[in-house]
There are 2 protein chains.
Amino acid sequence: MEKTIYIAPFIHCESLTELDVCPNGMIGVGADGKIAFVRRDMKGRQLPVEEGWEEAKVVSVGENCFFFPGFWVVDTHIHASQYPNAGVFGKSTLLDWLNTYTFPLESSFKDLDKAARIYNRVVARTLSHGTTTACYYATVHVPATNLLADICHSRGQRAFVGRVCMDRLSPEWYRDESTESAVNDTKASIDHIKQIDPEYELITPIITPRFAPSCTDATLTALGKLHHETDLPVQTHISENKSECQLVKELFPHSASYTDVYDSTGLLTSKTILAHAVHLSRDERKLIRERKAKISHCPASNTALTSGTAKVRTMLNEGLTVGLGTDVSGGYTPSLLAQCREAIFVSRHVAMDHGDDAKLSVEEALYLATRGGAEVVGLQDRIGGFEVGKDWDAQMVSLGPVVPETVGLDGREGLVEVFGGEGWEEKIAKWVYTGDDRNTVAVWVKGRLVHCREGWRP
Amino acid sequence: MEKTIYIAPFIHCESLTELDVCPNGMIGVGADGKIAFVRRDMKGRQLPVEEGWEEAKVVSVGENCFFFPGFWVVDTHIHASQYPNAGVFGKSTLLDWLNTYTFPLESSFKDLDKAARIYNRVVARTLSHGTTTACYYATVHVPATNLLADICHSRGQRAFVGRVCMDRLSPEWYRDESTESAVNDTKASIDHIKQIDPEYELITPIITPRFAPSCTDATLTALGKLHHETDLPVQTHISENKSECQLVKELFPHSASYTDVYDSTGLLTSKTILAHAVHLSRDERKLIRERKAKISHCPASNTALTSGTAKVRTMLNEGLTVGLGTDVSGGYTPSLLAQCREAIFVSRHVAMDHGDDAKLSVEEALYLATRGGAEVVGLQDRIGGFEVGKDWDAQMVSLGPVVPETVGLDGREGLVEVFGGEGWEEKIAKWVYTGDDRNTVAVWVKGRLVHCREGWRP
């Protein structure tokens with residue numbers, strides 16, 4: 001890769017509640033894909049740059065454009081195989097939704113041609129929405145899971161790829177035959193990823209028990225053992241829906257709680273990502289904090305499936321680490337920008353019952369989608385913001401030209417309307433509320449251009 | 001206009017809960033813009049058509065395309081002048097939002113150049129989202145209000161245009177000077193619309209007291225009198241937010257309820273549109289039903305401003321007529337398609353507390369956005385569905401080509417993903433959940449093409 005200097009406004013999250021806006025920025029990205037220097041006082045290309053960068057390629061931007069950390073650094077939770085069902089769930093809730101919509105679709109991934117078509121599309125689409133890192137649930141199928149890893153690797157998306165383990169509750173035609181086969185198939189997928197990316201620079205295997213009700217105690221315990229042996233991360237669901245919580249009580253009568261099911265099987269550690277966390281008790285949240293496990297909040301899914309409202313403010317106040325997940329196809333969209341809106345809106349519904357403190361701001365939603373996500377997967381030192389030494393996982397955002405005096409829609413522009421005179425805070429709010437993939441002009445992962453819109457050239 | 005035959009699948013709402021899907025349809029639209037015939041058994045252009053239509057122009061469509069009633073027949077409630085603030089509201093609630101964001105913007109519409117730029121853009125954008133009829137709040141300014149009417153008329157959007165009346169509560173620099181001036185300015189705007197559209201074929205004036213707290217008793221009474229003299233419709237807000245409801249109690253100590261404020265001043269009739277209706281009591285809903293007044297549900301706004309959740313199922317069960325409004329800029333988007341999603345999602349939140357019956361289906365949301373909206377403005381005999389004699393207010397929707405085997409995003413396609421094999425019910429669900437303006441290829445009002453995407457030709 002060429003050394004590149006990006007001259008543009010850049011914006012990232014300073015803290016949970018504050019954005020750092022640098023209107024006249026310059027960021028140098030080395031041939032290793034890492035940020036080599038950051039300057040905040042640029043007013044044009046003519047200023048002198050660091051020694052050794054005189055010949056570097058320069059990328060600058062037009063009006064109403066800025067760089068933002070690669071969205072979202074982490075989509076902490078997305079079921080890649082369910083993508084074709086996005087938007088299709090009727091009035092169902094979790095457990096009937098699985099049987100009606102999800103298991104039949106997932107089981108079809110034994111067909112590798114089908115898997116190739118859908119996984120290619122998911123990765124292309126999530127990149128086009130600015131998702132530079134995704135935590136994928138694949139299916140039980142080893143070849144298709146490995147294919148997903150290959151596709152992420154070749155398209156350049158940072159990904160955690162999990163072969164799904166499940167040896168009960170689902171239909172006979174879609175489950176692991178035994179604990180042994182669940183573990184062996186998981187290992188097969190780990191081995192494959194080791195072959196294509198030995199240092200896990202871009203692709204990391206993730207141990208993936210679907211969720212407690214889908215796994216026997218023996219399988220959870222075996223996966224917990226594998227987790228400790230390999231030190232690989234774990235992802236699963238927790239406490240999404242009341243019927244599911246009741247089911248867990250019945251299936252694990254000796255466990256103190258849903259959280260304890262994972263803890264007692266060795267699956268609750270600082271490298272564990274728990275999706276949903278809607279109905280956790282205070283004691284469960286305490287245990288999660290003690291184990292330093294992480295939360296993936298999936299607001300669109302929780303609303304679509306009437307699962308409930310996760311109490312994000314409470315979790316943040318208690319010191320839990322929270323990122324955002326799309327939970328496609330429980331969630332209807334692979335866009336993390338849309339998910340920011342949904343997180344804000346769910347927090348409004350929590351506020352209606354529990355008071356204004358529950359409200360998440362635009363800045364907080366963006367934090368969850370960038371630095372929060374990076375913390376969830378333990379990559380906060382490598383991605384999530386624009387600091388020297390971090391990887392250049394970034395998206396170039398364009399809000400389009402200022403609305404002209406004489407009117408005309410050219411039909412290709414996005415929906416964000418800048419009338420002129422807006423400050424950065426207002427522009428960012430307009431992006432989050434009215435923006436979509438049309439505003440994500442180009443996307444980089446580790447310095448590599450992995451997506452750009454038709455017509456854009458660096 | 002030319003007689004035109006549209007050969008395509010068409011879909012409209014049969015009832016609140018059912019769609020009528022006609023995969024092989026043919027609709028003839030006469031030179032008067034009205035539907036002349038509807039056939040459901042077409043399998044190609046070669047079938048004989050009605051006598052006298054042999055020479056008519058023919059419009060047919062590609063794969064995954066269909067006609068849907070002009071969205072949404074009614075955006076029952078949109079503040080055109082607030083459009084530049086869409087997405088900008090921070091964490092505010094209604095009353096501070098008005099002072100911080102709304103009044104300063106609205107007052108600037110005394111500048112006609114500014115009004116022209118923004119109103120032209122609003123009308124172009126709402127048409128591009130498929131909104132064929134809109135119920136607009138303008139501002140207090142007569143020239144700008146008249147300009148909005150002119151713009152709707154020339155661009156061909158069916159509209160109800162209301163000059164806003166408000167003689168208290170707002171800052172001195174943005175209010176009516178007196179009851180007399182409020183009424184006279186309203187009449188001036190009515191006179192203007194009479195000049196440009198004497199029969200109110202496309203543009204209708206609508207009497208618009210902002211909301212009870214903004215108007216003195218004398219002004220409400222005078223507007224009630226004007227309503228009865230002119231038989232013109234009325235639009236206002238009701239019971240959006242708890243602080244507002246408390247304020248109404250204090251300002252109108254002799255009124256039995258918020259609803260009674262409008263009823264006792266002659267403003268609650270079958271031609272009244274009440275936006276929001278979040279915190280209505282049972283008695284108020286009963287009174288509204290008795291008066292046959294109508295409700296505009298604004299789910300995105302109610303969530304964004306933490307106003308509360310309107311109980312749509314309850315209102316429907318009690319026999320109230322409900323349509324959907326965007327309430328821009330309380331709502332973040334002028335898209336009624338997005339508003340359908342928001343209505344469904346708000347209903348999920350209501351269901352979390354009040355049981356599954358509260359849930360609105362995709363079909364029900366579409367009904368509210370088409371026939372429901374038409375009923376709200378009393379146009380159910382003219383628009384809202386594809387029946388002989390109705391106006392051709394329609395949108396052509398394209399879900400795009402089936403996802404190819406070999407992957408590539410061409411960058412101009414929308415977000416709906418059709419993988420092949422989906423039934424119409426699933427396609428419609430995907431449209432509602434993942435679609436946007438990119439899927440609305442062309443829009444007609446009264447048979448006139450009023451919007452189409454770049455590259456499309458009839």
(request) Measure across B:Y332 and A:T434 and return the closest heavy-atom pair with its distance rounded to 0.1 Å. (result) O-CG2, 3.3 Å
(request) Rounded to the nearest 0.5 Å, what's the gap from NZ on B:K430 to CG on A:N85? Could you check? (result) 6.5 Å
(message) Contact between A:L415 and B:D437 at the side-chain level, heavy atoms closer than 4.5 Å - yes or no?
(response) yes
(request) Could you tell me which of A:E425, A:K242, A:E417, A:E422 has the largest number of non-hydrogen atom pairs under 4.5 Å with chain B? (result) A:E417
(message) For A:S243, give me all partners under side chain to side chain contact (heavy atoms under 4.5 Å, CB included), at least two apart in sequence or on another chain.
(response) A:L95, A:N241
(message) I need the residue from A:E363, A:E426, A:K359 with the largest number of non-hydrogen atom pairs under 4.5 Å to chain B.
(response) A:K359
(message) For the backbone of A:F419 and the side chain of B:R121, can you confirm whether one donor and one acceptor N or O come within less than 3.5 Å of each other?
(response) no
(request) Side chain from CB out, backbone as N, CA, C, O: work out which of these in B:I118 comes under 4.5 Å of a heavy atom of chain A, or both, or neither. (result) both
(request) Measure B:D436 against the heavy atoms of chain A and call it side chain, backbone, both or neither at under 4.5 Å. (result) side chain
(message) For B:S347, which atoms come within 4.5 Å of any heavy atom of chain A: side chain, backbone, both, or neither?
(response) neither
(message) I need the A:D356 CG to B:T306 OG1 distance, nearest 0.5 Å.
(response) 6.5 Å
(message) For B:T303 and A:H349, which I'm curious about, is there any donor-acceptor pair between the side chains at under 3.5 Å?
(response) yes
(request) Can you tell which part of A:E342 gets under 4.5 Å to a heavy atom of chain B, answering side chain, backbone, both or neither? (result) side chain
(request) Give, as side chain, backbone, both or neither, the part of A:R125 having an atom under 4.5 angstrom from any heavy atom of chain B. (result) both
(request) For B:M352 and A:N302, work out which heavy atoms get closest and say how close. (result) CE-O, 3.8 Å
(message) So, using side chain to side chain contact (heavy atoms under 4.5 Å, CB included) as the criterion, who are the partners of A:D111 when residues are at least two apart?
(response) A:D113, A:K114
(request) Specify which of A:C452, A:A86, A:A304, A:A429 makes the most heavy-atom pairs with chain B at under 4.5 Å. (result) A:A304
